[in-house]
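Reminder, nothing fancy here: chain letters follow the sequence lines and each chain counts from 1.
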Amino acid sequence: MRLSKGYFFTLREDQHDEESASGNLMVRAGMIKKSSAGIYMMLPLGLLAKRKVERIIREEMNAIDSHELVMPALIPEEVYIESGRRETFGNSMFCLQDRFQRPFVLGPTHEELFASAARMHIRSYKDLPLSLYQFQSKYRDEPRPRFGLIRVREFTMKDAYTFDRDLAGLDVAYGKMFQAYKNIFDRLHLDYVIVTADTGVMGGLLSEEFQALSPIGEDILVIDDENKYATNIEVTPCVLEGTESTEEKRPYSKVPTPGAKTIEQVTALFDLPATMFVKTMIYDVDGELYAVCVRGDRDVNETKLRKLVGGFESALATAADIERVTGAPVGFAGPVGLEIPLLVDQEISLMRNFITGANEDDQHLIDVNLDDFPEHQIADLRMIAPGDRSIKGGKVRFARGIEVGNTFKLGTKYAEAMDVYYTDQDNVRRPVFMGSYGIGPARCLAAIVEQNHTENAILWPKEIAPVEVAIVVVNINNAEQMQVADELYELLTRQGYDVMLDDRDERAGVKFNDMDLIGAYARITLGRDLKDGKVGFKLLKEEQEIAVPVAEVAARVAEIFGERGHYRRDLYS
RNA sequence: CGAGGUGUAGCGCAGCUGGUAGCGCGCUUGCUUUGGGAGCAAGAUGUCGGGGGUUCGAGUCCCUUCACCUCGACCA
């Protein structure tokens, strides 16, 4: 593109409403602009970069015989009612009505429509396996959009779906997709780890997430380096370490603890470590109240709680509910005498003579033991902590990740709900085994920028850089500079490289800074050396610029990006 | 949804106890300059987020509403 004819602008200062490095750099580089909370305009330069990500994904999908199609984004609500997911998505679905007040939704993910597409095609075992994918806008009414393109309400997703005869077939399809995903994220030069995760609203047998490592990542990854085992904290099982206390059990008694509502306050009051306390949290899971006990220094893992009681939505109970079931203000709940289901973290089974709330204002109980509240269920309910043992045996550390892709083994859940069956060799009707696989290309872009930037430059990897070669004309009033620049621009463009010609009437410094900001991978400068037949040649990631004879420019570009020698007509198809 | 914060020129911001709206960058024109966000000069640009109220008078005080941001909750 010739900048003098293009839609191109950059900003010098960070934007007030962009908090992340990637969001700010991409807005300053003129790639994207926020339109409203979590909804972005994709400007020409951003679109070029996003299409490069999509191209890599497309190549890897096609290589494993997945077939591209496009589903509608606007879908009758009843499609999701049929599968049972209207309720599980709840408020995160955008809803609207047509002119006859028929309810529609904007699709948050497309298992249902793909299942119905599969149903149209699949009759016999001979029609399987099958793999389909699309790039399509997804709509999710996130409670809190943030971090530029990382958490948004409207975004393109590449979602793929596989259909197989049985679990063994699904395992094969899943394995192929998994390898394709590794290829994709390797080609995107992302620093990532793969973790097992919660199946959440998807349901199914297995979920694995591809997590780009970043301090601003919203997921906590639990990593056992020794055993190469990594999980999302929401599903990380805890190992029961240590042995039961041998202390003699004492009968419990009540002590006044005026105003001590939090573990910090109570530990200060007793001058004892938090490990001597058991805290009791009241949760609301799908409208039912549960009391959950964990050691004073631990946090409840709500995913484990939901799984244990078979619920979908959980939240801390309201103050009113807590007062109603405990008979005390928030901060004094305890297990003794509670009449709602009582779930106790396994760790507490090792403790004796612990301190709990008394279900009475300004009172706690000391010397409490499990026998004092016999009606309870013991389970793994807490969040794992750094330094704990993983189930594989090593000590775990925490890292933060941006979820750039995920893969689900769904099993037959959707096939049964959406009536996707086939006839096998023995003439028996069987449900199809599905898999579902997502990648957010724009979130990948943001993750790449988070991992590869300086204060004033996006350091794109070679395969993603929207501009491979920037040709900077130092003085556009110099006829020779302009002529050689035009010739180089024509030549390199014809050979299939992504070239930007900076022929704006700006000072050289402005152009250099802009080319750095947008992350032009290589830069050719037409300036003072042209009288000797040379141009300046510099890679963004290298300090030194070298002088290269004009005649050798094409060869040097080919050396860096590889021979092309033709238009890549497939690039944006 | 809970707590807090911000809305003033294209962008970033100032504007005190109410008294006719300002700075930097950007933009326009001219001259100079021309390899790392140039200099000088002259200009243009505002329903002060919206609505209502108090007042002789509101960017400023009050009520209300909307948008955006931060932390939390939640989420694939």
**Message:** So does A:M93 get a backbone contact from the side chain of A:D141, meaning a donor-acceptor N/O pair under 3.5 Å?
**Reply:**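 Checked: no pair found.
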**Request:** Ignoring hydrogens and angles, tell me if any N or O in the side chain of A:S20 forms a donor-acceptor pair with the backbone of A:G23 under 3.5 Å.
**Result:**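 Yes, A:S20 side chain to A:G23 backbone: donor-acceptor pair under 3.5 Å.
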Suppose you measure atom [atom1] in [N] against the same atom in [M]; what distance do you get, rounded to whole Å?
N: B:C27; M: B:U65; atom1: C1'; answer: 34 Å
N: B:A42; M: B:G37; atom1: P; answer: 25 Å
N: B:A58; M: B:A21; atom1: P; answer: 12 Å
N: B:G10; M: B:C16; atom1: C1'; answer: 29 Å
N: B:U60; M: B:G51; atom1: P; answer: 12 Å
N: B:A38; M: B:C48; atom1: C1'; answer: 34 Å
N: B:G18; M: B:C62; atom1: P; answer: 11 Å
N: B:U70; M: B:C31; atom1: P; answer: 47 Å

Quickly work out the [X] [atom1] to [N] [atom2] distance and round it to whole Å.
X: A:E313; N: B:C75; atom1: CD; atom2: P; answer: 7 Å
X: A:D17; N: B:G12; atom1: CG; atom2: P; answer: 7 Å
X: A:D299; N: B:C74; atom1: CG; atom2: P; answer: 11 Å
X: A:R146; N: B:A67; atom1: CZ; atom2: C1'; answer: 19 Å
X: A:D219; N: B:C74; atom1: CG; atom2: P; answer: 13 Å
X: A:E19; N: B:G72; atom1: CD; atom2: P; answer: 12 Å
X: A:N24; N: B:G12; atom1: CG; atom2: P; answer: 10 Å
X: A:H16; N: B:C13; atom1: NE2; atom2: C1'; answer: 10 Å

**Asked** What residue pairs, at least two apart or across chains, pass ring pair (Phe, Tyr, Trp, His ring centres under 6.0 Å) with a residue in residues 131-160 of chain A?
**Response**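 Listed once each, the pairs would be none.
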Pairing partner of [N] (Watson-Crick or G-U wobble, both distances under 3.5 Å):
N: B:U6; answer: B:A67
N: B:G37; answer: none
N: B:U28; answer: B:A42
N: B:A73; answer: none
N: B:U17; answer: none

**Request:** Looking only at non-hydrogen atoms, find the nearest pair between A:M71 and A:A117 and report the distance.
**Result:**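 Closest heavy-atom pair between A:M71 and A:A117: CE-CB, 3.5 Å.
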**Request:** Specify the closest pair of heavy atoms between A:G38 and A:V152, including all atoms of both residues, with the distance to one decimal.
**Result:**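 What the structure gives for the nearest pair is O-CB, 3.2 Å.
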**Request:** Would you give the length of the straight line joining atom CG of A:L289 to atom CG of A:D284, rounded to the nearest 0.5 angstrom?
**Result:**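 Spacing of CG (A:L289) from CG (A:D284) equals 5.5 Å.
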**Request:** With rounding to the nearest 0.5 Å, note down the distance linking OH in A:Y80 to CZ in A:R85.
**Result:**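 Rounded to the nearest 0.5 Å, the OH-CZ separation comes out at 6.5 Å.
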**Item:** Of residues 29-40 of chain A, the positions that come close to RNA chain B - non-hydrogen atoms, cut-off under 4.0 Å
**Value:**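 Result for residues 29-40 of chain A: A:K34, A:S36, A:A37, sorted by number.
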**Message:** Tell me whether the side-chain N/O atoms of A:R144 come closer than 4.0 Å to OP1 or OP2 in B:C71.
**Reply:**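 It does, given that an N or O in the side chain of A:R144 lies less than 4.0 Å from OP1 or OP2 of B:C71.
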**Request:** Would you please indicate if the ring centroids of A:F178 and A:F210 are separated by under 6.0 Å?
**Result:**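 Yes, ring centres under 6.0 Å apart.
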Answer yes when [X] and [Y] have at least one side-chain N-carboxylate O distance shorter than 4.0 Å, and no when they do not.
X: A:K307; Y: A:D198; result: yes
X: A:D286; Y: A:R306; result: no
X: A:D514; Y: A:K511; result: no

**Message:** Under 4.0 Å, counting only non-hydrogen atoms across every strand here, what does A:F155 touch: a base, just sugar-phosphate, or nothing?
**Reply:**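 Base, at least one base atom sits under 4.0 Å.
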**Message:** Classify A:E13 by what it touches in the nucleic acid, base, sugar-phosphate, or nothing, heavy-atom distance under 4.0 Å.
**Reply:**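 Base, at least one base heavy atom under 4.0 Å.
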**Item:** Summary of protein contacts for nucleotides 26-41 of chain B, nucleotide by nucleotide, where a base hit scores B, a sugar-phosphate-only hit scores S (4.0 Å, heavy atoms)
**Value:** S------B-BBBB---
**Prompt:** Considering heavy-atom distances to RNA chain B, does A:K138 or A:F147 have its closest nucleotide positioned more toward the 5' end?
**Reply:**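 Residue closer to the 5' terminus by nearest nucleotide: A:F147.
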